[in-house]
Structures are given as structure tokens and as C-alpha cells.
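In what follows, a structure is listed as C-alpha cells, so that the remarks can point back to it.
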Amino acid sequence: MTSKPATAYALDRHEVWLGFKQLLPISLFVVIFGLAFGLAATQSGLDGASIVIMSTLVFAGASQFAALDLWGAQVPLIPLAITVFAVNARHLLMGATLYPWLRHLPPARRYGVMLVVTDASWAMSIQAFGRGESGMGLLLGGGIALWLAWILGSWLGLHFGNAIHDPVSLGLDMVMGCFMLAMAISGPKNLRMFAIWTVAACSSLLAYWYLPENSHVVVGALAGGVLGAVWMEKKP
Amino acid sequence: MSIETSAIGTLIIILVMAGVTLATRWGGIFVMSFVPIGRRVQQFIGAMSGSVLVALLAPLAVNGDGGARLALLATAATMLLLKQPLPAIAAGIATAALSRQLL
């Protein structure tokens with residue numbers, strides 16, 4: 001999976017534009033998420049400029065919503081930092097899974113691309129890399145599309161947040177879940193993957209119930225990874 | 001240590017959040033740059049990328065409401081049938097919306 005020449009994984013402008021366009025449909029949903037965040041943040045007492053700055057610089061929806069739970073006249077900094085780290089720790093794993101391909105880029109570009117890495121663009125690009133295609137355009141172009149959508153949505157939420165009264169009754173809370181599931185199913189399906197998924201799901205649930213909050217993604221992913229390292233695919 | 005949410009305080013809080021998040025975005029590839037990518041590490045990484053998705057979804061599937069579960073079922077069925085993500089996601093959202101309106 002890393003035998004291709006480095007040029008196959010270089011960044012090119014056309015490919016980034018294609019990736020941008022490919023993530024546009026899902027970006028529409030991200031605008032709605034952003035809208036919900038902008039509205040919730042306003043209700044928690046954040047001012048408009050801070051909301052837009054936060055979405056621009058942090059760009060990690062779940063952790064931003066979690067921050068709102070701690071928001072008040074005073075915000076406890078250390079608990080906030082720990083919460084944000086725990087919710088976003090999945091980025092560490094995403095970075096690690098991308099490394100075999102990103103290592104072909106010069107370090108500045110490698111870290112530059114990672115600035116906009118997020119669940120949806122990562123999932124699309126890791127699938128593309130897995131098929132032997134370049135996912136670099138999806139990662140950067142798609143990441144930029146989602147980033148802009150998140151900022152736009154947060155800003156819209158300040159002004160038009162009331163337009164969507166109840167996103168849950170419209171099923172909009174399920175967008176990311178359904179997207180993730182579709183991505184998981186489009187990957188390879190065999191007995192080994194099924195066993196890995198089972199271990200990942202069970203350990204995620206155990207962590208969800210018995211370990212500190214927000215640890216389940218990391219625990220489940222590492223458990224699945226360990227099984228994959230022990231039960232290796234047959235050599236091609 | 002608490003910070004007051006004055007104009008400058010809020011900015012400091014946002015910068016801390018941004019710094020922590022950036023550390024998670026950069027930390028994974030930074031650590032991996034010290035790990036030789038052998039076959040076993042490749043297999044670990046490959047297994048982990050599917051597992052991240054499953055680990056995110058498992059609590060949603062088990063603890064979610066009926067609408068959430070039906071949505072995931074509809075997505076899975078459509079995905080297996082059509083092998084196209086967008087119709088699968090649309091089917092999931094429509095199912096969640098419908099079941100929450102009707103049930």
C-alpha cells in the first residue's frame with residue numbers, strides 16, 4: 001500500500017478542486033450543523049465575533065458543543081482543555097492512519113494538510129487511499145469545503161438560527177452517523193474485518209459505559225487496531 | 001483555574017481550545033514519523049481506520065432512540081444494495097425524520 005512512487009501522492013491543484021467539489025453535498029449538512037452551533041452558542045452567552053472566531057480556529061464541532069456545556073460567566077480552563085482533548089483525540093488516530101501516505105509530502109505541506117482534517121474528509125480520503133487512489137485532494141480540498149461550511153453555518157446561526165426549530169425531528173442529528181456508517185460499509189468486508197469491527201464495537205461500548213467520558217473512540221479504535229496487527233492479512 | 005468570559009478572556013479560551021485541537025490534528029503524524037512503517041504497523045493502521053468509524057457508531061446504535069437505530073439500519077441496507085453513499089445517507093436521514101414524526 002505504500003509501494004507507489006511519491007509523485008502519486010503529491011498535491012495538485014486540480015485534484016484539490018475535485019476533492020472540494022466531492023465534499024460539497026455533505027458540506028450542506030455541515031452548514032446546518034454549524035447553524036445549530038451558532039444558535040446554541042448565542043444562547044450560552046457567546047458574542048457573535050467569538051463564535052465565528054471559535055469555529056474558524058477550532059473547527060471541531062463536537063468539542064465546540066462540549067465547550068458550551070462548561071460556558072458561563074467563568075470558564076474552568078483545565079477541565080475545558082481536557083474535554084476538548086478527549087473529544088478530539090480521534091484526530092490523533094486519523095493522523096496516524098494517514099501517515100503512510102502523507103509522509104511522501106514535505107513536512108510543511110504534511111502539517112498544512114492536517115490543519116483542515118476532519119471526520120468526513122478523512123473517511124473519504126482513507127477509503128480512496130485504501131483503493132490505491134490518491135486521497136490527497138479529498139483530504140485538503142474536502143477539508144477546506146467542510147471548514148468553510150462550518151464557518152458559514154456558525155455565522156448563519158447567529159442570524160437565522162431560529163429558522164430550524166428542531167433539527168432532531170428532521171433527522172439532521174443523524175447525518176454524520178449515517179455518513180460514517182456508509183463509509184465503514186464501503187470498505188473491505190471479510191471475516192478478518194468483521195472480527196476487527198466486533199472487537200472495536202464491543203470495546204467502544206465497554207469504554208462508553210465504564211471508562212471516563214469521551215474515551216470510547218480511542219479505546220475501540222486501538223483495540224480494533226491491535227487485533228489487526230495480530231491477525232494480519234495474507235500477503236498479496 | 002477559571003477565566004472570566006470578558007472579551008479578552010473569551011479569546012484566550014478560544015486560543016486554548018484551538019491549540020489543544022491542533023495538537024490532536026498534528027500529534028498523530030508527528031508520533032508516526034518516529035515509527036518505522038513495517039507490515040505489522042500497516043496492518044495495525046488499516047484495522048484502526050475502520051475501527052475508528054465503528055467505535056464512533058457503536059454507542060449511537062446501542063444508546064440512540066428508535067429513530068437513530070432505524071436510520072442506521074436504512075443506511076446499511078441502502079449502502080449494501082446500491083453501494084452509493086449519498087442515497088444511503090439520504091435514506092437514513094429520511095427514516096429518522098419519518099419515524100420520529102410518526103412513532
Side-chain angles (χ1 to χ4, degrees), chain A residues 1 25 50 53-54 57-58 60 67 73-78 81 84-85 88-97 99-100 102 110-111 114 117 126 169-171 174-175 177-185 187 193 196-197 200-201 204-205 208 216-217 220-221 224-225 227-229 232-233, chain B residues 1-5 10-11 13-18 20-22 24-29 31-33 37 39-60 62 67-68 71-72 75-76 79-80 83 85-86 88-89 92-97 100-101:
Chain A
M1 79 187 180
S50 299
I53 293 172
M54 187 193 281
L57 295 183
V58 180
Q74 296 205 320
V75 174
L77 204 55
I78 303 297
V84 170
F85 181 82
N88 291 333
R90 65 186 191 289
H91 291 142
L92 292 167
L93 309 178
M94 294 179 188
T97 59
Y99 184 74
L102 286 182
R110 192 190 303 163
Y111 286 99
M114 288 303 289
V117 89
I126 203 80
S169 78
L170 298 173
M174 293 306 295
V175 174
C178 292
F179 177 81
M180 292 295 164
L181 184 60
M183 286 298 114
I185 291 176
M193 271 327 276
I196 289 169
W197 284 16
S204 163
L205 283 173
Y208 186 81
H216 60 281
V217 179
L227 178 60
M232 301 210 285
E233 282 170 300
Chain B
M1 187 172 65
S2 287
I3 287 203
E4 294 206 19
T5 45
T10 300
L11 189 62
I13 295 165
I14 292 171
L15 289 177
V16 167
M17 291 175 66
V20 170
T21 307
L22 188 59
T24 62
R25 287 204 164 97
W26 281 352
I29 52 167
V31 170
M32 288 308 289
S33 62
I37 309 278
R39 206 172 112 72
R40 197 172 290 276
V41 173
Q42 280 186 12
Q43 296 282 311
F44 174 77
I45 286 173
M48 195 165 71
S49 53
S51 299
V52 174
L53 297 172
V54 175
L56 274 166
L57 288 166
L60 188 61
V62 173
L72 293 177
T75 298
M79 192 64 201
L80 288 172
K83 307 195 190 309
L86 282 178
I89 298 163
I93 297 163
T95 306
R100 283 170 183 162
Q101 304 285 338

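This one's a predicted model, so the numbers in the text were calculated from it and none came from an experiment. Each chain gets a letter, A, B and so on, in the order its sequence line appears, and its residues count up from 1.
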Next item on the list: Take Ser50(A) and Leu11(B) through the test side-chain contact (heavy atoms from CB on, under 4.5 Å) and record every step on the way to the result.
Entry: CA-CA 7 Å; Ser50(A) 299; Leu11(B) 189 62; over 6 Å; no
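- At least one side-chain heavy atom of Val217(A) sits less than 4.5 Å from a side-chain heavy atom of Val52(B).
- Thr95(B) does not touch chain A: none of its heavy atoms, backbone or side chain, sits under 4.5 Å away.
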Next item on the list: Decide side-chain contact (heavy atoms from CB on, under 4.5 Å) for Leu72(B) and Met174(A); before the verdict, give the C-alpha distance in whole Å, the side-chain angles of both, and the deciding distance to 0.1 Å.
Entry: CA-CA 8 Å; Leu72(B) 293 177; Met174(A) 293 306 295; 4.0 Å; yes
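- In this structure, chain A has heavy atoms under 4.5 Å from both the backbone and the side chain of Leu56(B).
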Next item on the list: Dump the intermediate steps for side-chain contact (heavy atoms from CB on, under 4.5 Å) on Leu53(B) and Met183(A), then the final yes or no.
Entry: CA-CA 8 Å; Leu53(B) 297 172; Met183(A) 286 298 114; 4.1 Å; yes
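- Shown here for His216(A) and Ala55(B), the closest heavy-atom pair between the two residues is CD2-O, 3.5 Å.
- His91(A) is linked by a side chain to side chain donor-acceptor pair (under 3.5 Å) to Thr24(B), counting only residues two or more places apart in sequence or in another chain.
- Only the side chain of Leu22(B) comes within contact range of chain A, with heavy atoms under 4.5 Å apart.
- Looking at Arg100(B) and Leu170(A), their side chains never come closer than 4.5 Å, going by heavy atoms from C-beta outward.
- Listed by chain and number, the residues in a ring pair (Phe, Tyr, Trp, His ring centres under 6.0 Å) with Tyr99(A) amount to none (sequence neighbours excluded).
- Residues Ile185(A) and Leu80(B) have side chains in contact (heavy-atom distance under 4.5 Å, counting atoms from C-beta outward).
- Only the side chain of Gln101(B) comes within less than 4.5 Å of a heavy atom of chain A; its backbone N, CA, C and O stay farther away.
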